[in-house]
**Q** 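Here it is, the structure in full.
One-based numbering, in listed order, for ligands and for the atoms of each.
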Amino acid sequence: MTQKRPDGIERYTAPAGGWGALKAVAETLARQQVIAQGTATLLKANQPEGFDCPGCAWPDPKHTSSFEFCENGAKAITWESTAKRAAPDFFAAYTVSELWDWSDHKLEDQGRLTHPMLYDCDSDRYLPIGWDEAFAMIGAALRALPDPDRAEFYTSGRASNEAAFLFQTFVRAYGTNNFPDCSNMCHEATSVGLPLSIGVGKGTVTLEDFDHADAIFSFGHNPGTNHPRMMTTLHDAARRGVPIIVFNPLKERALETFAAPQNPVEMATLSSTRIASAYHQVRSGGDLAALKGLMKRIFERDAADITGGGPGVLDRAFIAEHTIGLEQVKADIDQTAWDGILAKSGLSYEAIDSAAEVYLNAGSVILCYGMGLTQHANGTANVQQLANFLMLRGNIGRPGAGICPLRGHSNVQGDRTVGITEIPGKALLDGMEKAFGFRPPADKGHNAVEAIEAIVEGRSNALICLGGNLAVAMSDPETTFEGMRKLDLAVHMATKLNRSHLLIARTSLLLPVLGRTDRDLQAAGVQSVTVEDSMSMVHASKGFLKPPGDQLKSEPAIIAGMAKATLGSKYGIDWDGMVDDYSRIRDKIEIVFPDFHDFNLRIRKPGGFRLTVPASDRRWATDSGKAQFLVAPGLDEDPRLRDADALVLTTLRSHDQYNTTIYSLDDRYRGVFGRRDVIFMNMRDLAARGLVDGDRIDIVGIGDASDKAVSGFTAVAYDIPAGSIAGYYPEMNKVIALTDYDRRSGTPAYKGVPVKVRACA
Ligand SMILES: Nc1nc2c(c(=O)[nH]1)N[C@H]1C(S)=C(S)[C@@H](COP(=O)(O)OP(=O)(O)OC[C@H]3O[C@@H](n4cnc5c(=O)[nH]c(N)nc54)[C@H](O)[C@@H]3O)O[C@H]1N2
Ligand SMILES: Nc1nc2c(c(=O)[nH]1)N[C@H]1C(S)=C(S)[C@@H](COP(=O)(O)OP(=O)(O)OC[C@H]3O[C@@H](n4cnc5c(=O)[nH]c(N)nc54)[C@H](O)[C@@H]3O)O[C@H]1N2
Ligand SMILES: [Mo]
């Protein structure tokens, strides 16, 4: 590694992983003061009798394996199991106005919340309150609303299946479908787009499929940081000689070379493995063009092969038996000219041609993707083109092939499966009626953007959050902050203090929850919860650490407390019984969702069980009963980019961050240390504006965001395509308009923000 510059920027040249990762874990443990207890805690992650790692949703081989080292999993676990506490004496020492001026990092770094707290406006402080009193206030406030649709119920993807299911039961019994959730800001383009393509909004592959893949395509995700256990899979595949083709504007280090900390030879010899066999630096928002280019090459090769007397290169048997719509897609691709494809994607013809060759030479292909594809104004279309690309050669529903969306929060997929949705289908409503004897409302509720709009416009007056940091995660925080300060009721169930908690409503309550690692003792004994990973595997998770205090409650217990205080004995739901023994919650889940049959029995098996994904067996739950090729007209032209000075800003996670949780100010693999106020830019874009590396700049929004700007960021010359720039989330959310989202899925366009850059005044 080269010398650090005084401004904290350097070029990182070592492989990702390796000893640097081990060192980072040791430092994290020390920072969170958990050395003694910490290593033992880490060893229980993803073990048969242990807890599910809250770090990411990548599956663990069997939940039976030996400890798999993971730097960022270790950070997530130690962040939760820290010895630090934000107890009542902390809240007594600072007013909320004082805390508002703290950084997001410093707020959370105070440690675990220990007592239920109520905001007191006379002293401008959070003061302790009893649980019964807190529940009674919530119940009274919710009952006082003129209409249940004036309340919003947010879920962050950390919540277990049991907590999420109980939450939706409470909210539907209360009478609304207002379920904004973090998935709306994340993989909603997948949840909306894939069901139309292949009949299910989830990935179709299992971990085992990676052992049989002949090529892996990776679009817009950064596994070295965000899905670190996936690096083991990619590392193994690369060592088997499987080509890995990456499309990403940034050269993410772990996708280039990786030294596996579990590999004794690489560790001892300081060697590493090359991961990507080809790295295509597509422009931000250029994926639709790149995918159309890939498909165009495949159609061209198909035609040439047939002209030469061959059978063509498409999987015609699959297409005939299993799909509809190929002709329309082919017509669209035929009329899309190469000029546009190359200009919009920023890739050369040779690059696209070589990637298409790899695809055609591979018997079975897996395609992985993340936020780089979903968080665009055309996110849904992007996802559907990925499906088209795979279907051309029957790469769905057979061993070694399929689509693999990299999910976000460790149980974000499970929360959706067990009923967190603003659009309840008939099956869900019927199931709820069968399980609880009442028919929930059927009308569409609010997703995350709609919930914020309703709050800002005063149409919603209460917000209850099962985890998360909604106000900071959402676009245009200033507008969101203002809206949330006008609420009648704000309730946050949380492990740690964050900025959303400081947006004070008429009544503001902060309720401390047990985390994944904590022992959850109820009347029937220590409870397990369940989660679903990215590959639809459901398994149990059991914490074992002594909770941070005797006043914390589990999420199910808090939800039941609120439900009883709000609903009384309405519908005769046995809230207490379900909290005493979570297997009773699972019994209800099984009634509502028959796919969970024998739920309590099947989670006893280490590794759990896989939910049915019909497309994995080539059964297509679409209207036509077939997999559907779907057209996305055009190349994602954005009129706001016609201005020659406009750039496309993409917003990223650093290596030391978990969404809005900032572990430290370093981003090791991108060579940034001790700061986050940087913007990565191509040299040409700098020069065109008379700027040089290290200059201080303003970033100004365009269109609906033209009144928004952030100032004083440092421009860093970086290997990123001209026209694309990158900065960190959530700092950059200030220049994203609330109206800038995918109209089909509601996913904010966090990865395609049109902006201008100018020297700081
Ligand atoms: N340690 C850690 N783990 C996490 C999280 C975390 O914050 N920290 N967050 C969790 C959550 S909720 C989620 S959703 C996932 C997120 O996991 P990722 O999807 O990996 O998240 P991002 O950091 O947003 O990075 C997206 C990648 O897309 C690339 N990209 C940006 N724009 C484009 C584009 O237009 N096209 C293409 N092809 N690529 C683009 C970026 O360069 C970056 O490499 O991770 C989960 N796991
Ligand atoms: N610009 C930009 N914005 C983005 C994104 C982006 O890439 N770019 N990504 C989007 C994505 S993918 C997502 S998922 C959202 C994330 O949005 P959220 O899920 O709302 O945000 P988090 O930062 O994960 O929430 C952190 C808080 O969760 C609480 N918490 C942690 N663990 C637990 C637990 O076990 N139980 C409970 N009850 N609370 C807990 C803590 O109090 C912590 O402060 O942000 C979105 N926003
Ligand atoms: Mo996410």
**Q** Who are the ring-ring contact (aromatic ring centres under 6.0 Å, His included) partners of Tyr750, not counting sequence neighbours?
**A**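 For Tyr750, no residue satisfies ring-ring contact (aromatic ring centres under 6.0 Å, His included) once neighbours in sequence are set aside.
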
**Q** Under 3.5 Å, is there a donor on one side chain and an acceptor on the other for Lys202 and Thr417?
**A**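 Yes, Thr417 and Lys202 have a side-chain donor paired with an acceptor closer than 3.5 Å.
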
**Q** Check the side chains of Ser410 and Arg516 for a donor-acceptor pair under 3.5 angstrom, ignoring hydrogens and angles.
**A**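 Yes, side-chain donor-acceptor contact under 3.5 Å.
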
**Q** Go through ligand 2 atom by atom and flag the ones less than 4.0 Å from a non-hydrogen atom of Gly467.
**A**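 In order of numbering, the contacting atoms are 37 (C), 38 (N), 39 (N).
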
**Q** Are the side chains of Leu511 and His492 in touch, meaning some heavy atoms are under 4.5 Å apart?
**A**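 With C-beta onward as the side chain, the pair stays apart.
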
**Q** Suppose I only count heavy atoms of Tyr154 and a 4.0 Å limit; which atoms of ligand 2 are within that range?
**A**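 The atoms of ligand 2 under 4.0 Å from a heavy atom of Tyr154 are 17 (O), 18 (P), 19 (O), 20 (O).
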
**Q** With only distance considered, is Leu514 within less than 3.5 Å of ligand 2 through an N or O on each side?
**A**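 No.
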
**Q** Taking 4.0 Å as the limit for heavy-atom contacts, which would you say applies to His492 with ligand 2: side chain only, backbone only, both, or neither?
**A**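 Contact part for His492 vs ligand 2: neither.
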
**Q** If only atom types and distance count, is the side chain of Glu188 paired as donor or acceptor with the main-chain N or O of Ser745 below 3.5 Å?
**A**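 Looks like no, no N/O pair under 3.5 Å.
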
**Q** Enumerate the atoms of ligand 2 whose separation from the nearest heavy atom of Asn498 is less than 4.0 angstrom.
**A**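 Heavy-atom distances to Asn498 below 4.0 Å select 27 (C), 42 (O), 43 (C), 44 (O).
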
**Q** I'd like to know if Glu80 and Lys75 make a salt bridge, using a cut-off of under 4.0 Å between side-chain N and carboxylate O.
**A**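 Judged by the 4.0 Å cut-off on N to carboxylate O distance, Glu80 and Lys75 do not form a salt bridge.
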
**Q** Val513 heavy atoms, cut-off 4.0 Å: which ligand 2 atoms fall inside?
**A**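 With Val513 as reference, the close atoms of ligand 2 come out as 36 (N), 37 (C), 38 (N).
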
**Q** Without hydrogens or angle criteria, can the side chains of Arg653 and Asn659 be said to hold a donor-acceptor pair below 3.5 Å?
**A**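 On atom types as modelled, these side chains qualify, holding a pair under 3.5 Å.
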
**Q** Using a 4.0 Å cutoff against the non-hydrogen atoms of Asn733, which atoms of ligand 2 qualify?
**A**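 The list of qualifying atoms is 1 (N), 2 (C), 3 (N).
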
**Q** With a cut-off of 4.0 Å, which atoms of ligand 2 are near a heavy atom of Met493?
**A**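 What qualifies from ligand 2 is 37 (C), 38 (N), 39 (N).
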
**Q** Taking 4.0 angstrom as the limit and counting only heavy atoms of Ala494, give me the atoms of ligand 2 inside it, by number and element.
**A**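 Result: 39 (N), 42 (O).
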
**Q** Is it true that the side chains of Thr380 and Asp742 contain a donor and an acceptor less than 3.5 Å apart?
**A**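 Short answer, yes.
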
**Q** Examine distances only and state if a side-chain atom of Tyr359 and a backbone atom of Leu390 form a donor-acceptor pair shorter than 3.5 Å.
**A**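 Side chain of Tyr359 to backbone of Leu390, a donor-acceptor pair under 3.5 Å: yes, one is there.
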
**Q** Using heavy atoms and a threshold below 4.0 Å, how should the contact between Thr495 and ligand 2 be classified: side chain, backbone, both, or neither?
**A**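 Within the 4.0 Å criterion, Thr495 contacts ligand 2 through backbone and side-chain atoms alike.
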
**Q** Looking at Arg283 and Gly346, what are the two nearest heavy atoms and their distance?
**A**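 Here Arg283 and Gly346 meet closest at CD-CA, 3.6 Å.
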
**Q** Should the ring pair Tyr669 and Tyr12 be called parallel, tilted or perpendicular, given that the plane angle runs from 0 to 90° and is split at 30 and 60?
**A**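 The rings of Tyr669 and Tyr12 stand perpendicular, inter-plane angle above 60°.
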
**Q** Give the atoms of ligand 2, by number and element, whose distance to some non-hydrogen atom of Glu555 is under 4.0 Å.
**A**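 With Glu555 as reference, the close atoms of ligand 2 come out as 34 (C), 36 (N), 37 (C), 38 (N).
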
**Q** Tell me which residues fall inside the under-4.0 Å heavy-atom shell around ligand 1.
**A**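 Near ligand 1, by chain and number: Gly55, Asn72, Cys186, Gly220, His221, Asn222, Thr225, Asn226, His227, Phe247, Asn248, Pro249, Leu250, Glu252, Val282, Ser284, Gly285, Asp287, Gly370, Met371, Gly372, Leu373, His376, Gly408, His409, Thr650, Leu652, Arg653, Gln657, Tyr658, Asn659, Lys751.
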
